[in-house]
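The sequence lines fix the lettering, A, B, ..., with proteins before strands; numbering per chain opens at 1. Bear in mind the structure is a predicted one, so any value in this text is a computation, not a measurement.
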2 protein chains.
Amino acid sequence: MELDERKTVILKAIIKNYLETGEPVGSRTISKYTDLNLSSATIRNEMADLEELGFIVQPHTSAGRIPSDKGYRFYVDSMMQEHEKEVEQLKDVLLEREEKLDHMLKQAAKLMAVNTNYATMVTAPRNSRNTIKFLQLSRMDDAHILAVIVIEGNVIKNTVIDVEEALNDETMLKLNILLNTHLNGLSAEEINLGLISSLKQQAGMYGPIIAEVIDAVAETIKEDEDLEIYTSGTNNIFKYPELSDNQKASDLINAFEEKQLLTQLIDDTNEEGSDEIKVYIGEESPIQTMKDCSIVTANYEFGDGMRGMIGIIGPKRMDYDKVVGTIKTIKSQLDTMYRKDEK
Amino acid sequence: MELDERKTVILKAIIKNYLETGEPVGSRTISKYTDLNLSSATIRNEMADLEELGFIVQPHTSAGRIPSDKGYRFYVDSMMQEHEKEVEQLKDVLLEREEKLDHMLKQAAKLMAVNTNYATMVTAPRNSRNTIKFLQLSRMDDAHILAVIVIEGNVIKNTVIDVEEALNDETMLKLNILLNTHLNGLSAEEINLGLISSLKQQAGMYGPIIAEVIDAVAETIKEDEDLEIYTSGTNNIFKYPELSDNQKASDLINAFEEKQLLTQLIDDTNEEGSDEIKVYIGEESPIQTMKDCSIVTANYEFGDGMRGMIGIIGPKRMDYDKVVGTIKTIKSQLDTMYRKDEK
DNA sequence: ATTAGCACTCGACGATGATGAGTGCTAACG
DNA sequence: CGTTAGCACTCATCATCGTCGAGTGCTAAT
C-alpha cells in the first residue's frame, strides 16, 4: 500500500488536530475539519489504512486515532522542509542586556520556556581548543598569592595560593616570566610530567607554588567536564496531562535537577557535529525517562571553537512548528553573539 | 480548659502517628498506641477537648483528627528543648572533598536532601563587609586588559576590558598604583562620584579604563543581590501525596526554579540575625505558595562576616526531629569549615 | 470509489448501595 | 465523678451497574 496524496492530507490533519486537543481524533472530526469533502466513512477506510501503515494507533477500540512515533516523525520531517518560519520578536530581547555569559544563557533558557511553554535547557559553551592564553601571579597580601589563568575563549579562573612567607617583587616577576614563557599557548595534553618537573626545578624553592598553579590550570581546563546547564520552565510539564501523572512528572523533574542526566543529550547532539536541528520523538530519545516526550535540540557556536547546546523538551504532541522556529532563532542569536560582542 | 499532662501525651501521640502515616488518626488507634490504658471513648472525649483548644482538626466529620498548625507548633517547640540529637554520620562526608565553594554547597544541599527525603536549599554566603582587598590590571594581549578584583572574603571577579591600542608596561604600573592606593580597603559606599572623577582625571587619557574597572567593582560588590542558591531533592515532594496534586506540585517546583522566590526566606532568616534554627509551619511561612509546607532554616557563618542560609522544605508532617538534627549538623560543619580551610 | 446505515465496542460518567472507620452522646459502672 | 460500653449517626471510599455517546467496521446501495 502506498501513502498517496489523500492519505497524506488526512494524516497531517489527524496529527494537527491531535496536537491542538490532546484527544484522540475520530473520523467525523476529520471529515469536517478538512476541505476534502469526504464523508466520515471514507475517512474511516483511509484511517484503517494509515493504521495498517503504522502512522497512527488506536488507544483502544472505538476511540479515535492518535499519531504513533512514526506518525510524528513523518509530520516533523515534512514540516522541516516546508518552511523557514521566523519568530522575529525574540531577536532583540537577548541583545538588550550586555551581561555576563551565564546571565545571558539563563536568559536564553527562560526566553525559550516563556515562548513555547515547554521545558528548556541551555548548556554553557564548552571550549574545544583548550590552550592557555595568559597566566599571572600577583601578591595579594603577605600570606596569599592570587593566580589568574585565562584559557582560549576567555574562560578565566582564579586561585588563591597560601604561602609561608612573603615573596618579593623580583621573585614574583621571575615566576611570572617562568610560567608564561613555558606554558603560554599550550594545551592540556602538552603539559606533561617532564615539563612540570623541569619547571619545578627552575623555580627552586618555589616549586610548591608552581605545583599549585599547575593544579589550578588543570582544573580550569577540565572544567567543562561538569559543565553548566541552565534550565527553565520545568514546571511547564504540568500543563500536559499526559506527562503530569506523578511517576512521570517526578522522573522528569529529577532529570532536570540532576543535570548530569541531560549530558547524554549533549553528547548525542554534539556527536554528529552537524549544524542541523535535531528532533527526537518518543523512543528515539537518548534519555530513557523521556520516552514519552519529544526533544528538539541544536548546537550553537560561540566563536573560538566553543560550542554549546540548546534544547526544548515537551510532550510528543508539541507544537513542532513553533519549537523549531524558536530554537532556530535562539541558535542564530547565540551564533552571532560572539561577533557582535567583539564589535 | 487546661492542657494537662494527659492531654499532652495524647496530643503528641496523635501528631507522631500522623507524621508516620499521613492519615487522619482516630480514637481507637490512640487507645492502643499509647500505654495510657484508656478506652477509645475516653480518648474521644479528650480529643474533643483538644479540638476545642485548637491543636487538632477534623478534615470532615467522622474522619480522624490531624494536627493544626498550632498543634505542629506545640510539637516542635516541645521537641526542640527536649533533646540535642546528633546525626554523626554526616560529619565527615562534607570534609572529604576540598573542592571549591560552589561544589561544596551543592554537595551540602544534596546531602541534606538524601538524608531527609525533603527538598533542600543552600545559599552561597553573602559578604556583609564589602571592602576592596586587592585590585590588579594586567595586559592580556594588545587589545585586552584583564582586571582582577578581590573583595573581603576572597570573592574574586574578572573583567576583560577592550582597549584601542596597546598600553606599555609603565602605564600599566601607573594605573595599578593609582587604583590600589585610592581604592584599597574602601567599601561600596565610600566610592563616590567625587573620588571617581578625581581618579579619572589623574588617569588622563586612560580615564575610560578606570571607568570600566569601577563598573566591574560595583558589579562585584552588588553581586550578592542575585545570589546563588543551590537546591536539591526537589522531586522529593512527590513522595508526599498531600503536596503532589498538580497545582501544588507545580507551584512548588516553580518556586524552586525561580530561585528569587526563595529569597524572601533568606531575608526573613537573616533579619533577626540570631543563630537559632527557625521552623515555619504552614501559614507561618513567608512564602505564600508554601503554606501547605513546613520550612526549617538556619544561618551559617563562613568567617569574615559572610553568612549564608540552609533550609529544608517538606510537608507539614515532616520528621522535625531528623530535619532539625540534619540542619544542625550541616550548619556546624559549614560554621567550622572556614577555620579548617585556613588550617 | 463513495457513502449511508447499522450493529457493535468501549470508555466516561453518574447513581446507587455496601462497607467501615470514626464520631458524639447517653447511660451504666466502680 | 471519671471512665467506659454501646449505639445511632456521618461520611469518604469503593465496587457495581446502567446509560450515553463517540467512534469503529462492515455491508449494501448509489
Legend entry - Shortest side-chain distance from Thr61(A), nucleotide among dA21(C), dT9(C), dT2(C): dT9(C)

Inset, instruction - Tell me yes or no: between the side chains of Arg44(A) and Ser27(A), is some donor less than 3.5 Å from an acceptor? - result: yes

Legend entry - Position toward the 5' end of DNA chain D (nearest nucleotide), Ser27(A) or Arg6(B): Arg6(B)

Legend entry - Polar side-chain atom of Lys259(B) near backbone of Ile229(B) as donor-acceptor pair, under 3.5 Å: yes

Legend entry - Closest-nucleotide 5' rank along DNA chain C - winner of Asn45(B) and Ser62(B): Ser62(B)

Legend entry - Distance, rounded to the nearest Å, where Glu46(A) contributes CD and dT2(C) contributes P: 7 Å

Inset, instruction - Cation-pi check, Lys70(A) to Phe55(A): give yes when NZ or CZ is under 6.0 Å from the six-membered ring centre and within 45° of the ring axis, no otherwise. - result: yes

Legend entry - Ala41(B) vs Arg65(A), nearer the 5' end of DNA chain D by closest nucleotide: Ala41(B)

Inset, instruction - Keeping the roles fixed (side chain from Tyr75(A), backbone from Leu11(A)), state whether a donor-acceptor pair exists under 3.5 Å. - result: no

Inset, instruction - Report the distance from atom CG of Asp4(A) to atom P of dA1(C), rounded to the nearest whole Å. - result: 12 Å

Inset, instruction - For Ile66(A) and dG11(C), give me the distance from atom CD1 to atom C1', rounded to whole Å. - result: 15 Å

Inset, instruction - Please assess Thr120(B) against Tyr230(B) for the test side-chain hydrogen bond (donor to acceptor under 3.5 Å, both in side chains), listing each intermediate value before the final yes or no. - result: CA-CA 8 Å; Thr120(B) 64; Tyr230(B) 306 98; over 6 Å; no

Legend entry - Terminal contacting nucleotides, 5' and 3', DNA chain D versus chain A (heavy atom, 4.0 Å): dA22(D) to dG25(D)

Inset, instruction - Compute whether any side-chain donor of one residue and acceptor of the other, for Ser294(A) and Tyr320(A), lie under 3.5 angstrom apart. - result: yes

Legend entry - Length of the line joining Asn37(A):CG and dA1(C):C1', which is rounded to integer Å: 15 Å

Legend entry - Interatomic distance, Leu36(A) CG vs dA1(C) P [rounded to whole Å]: 17 Å

Inset, instruction - Would you mind reading off the distance between Glu51(B) atom CD and dG22(C) atom P, rounded to a whole angstrom? - result: 15 Å

Legend entry - Whole-Å distance separating the CG atom of Asp49(A) from the C1' atom of dA1(C): 13 Å

Inset, instruction - Without swapping roles, check the side chain of Glu284(A) against the backbone of Ile281(A) for a donor-acceptor pair under 3.5 Å. - result: yes

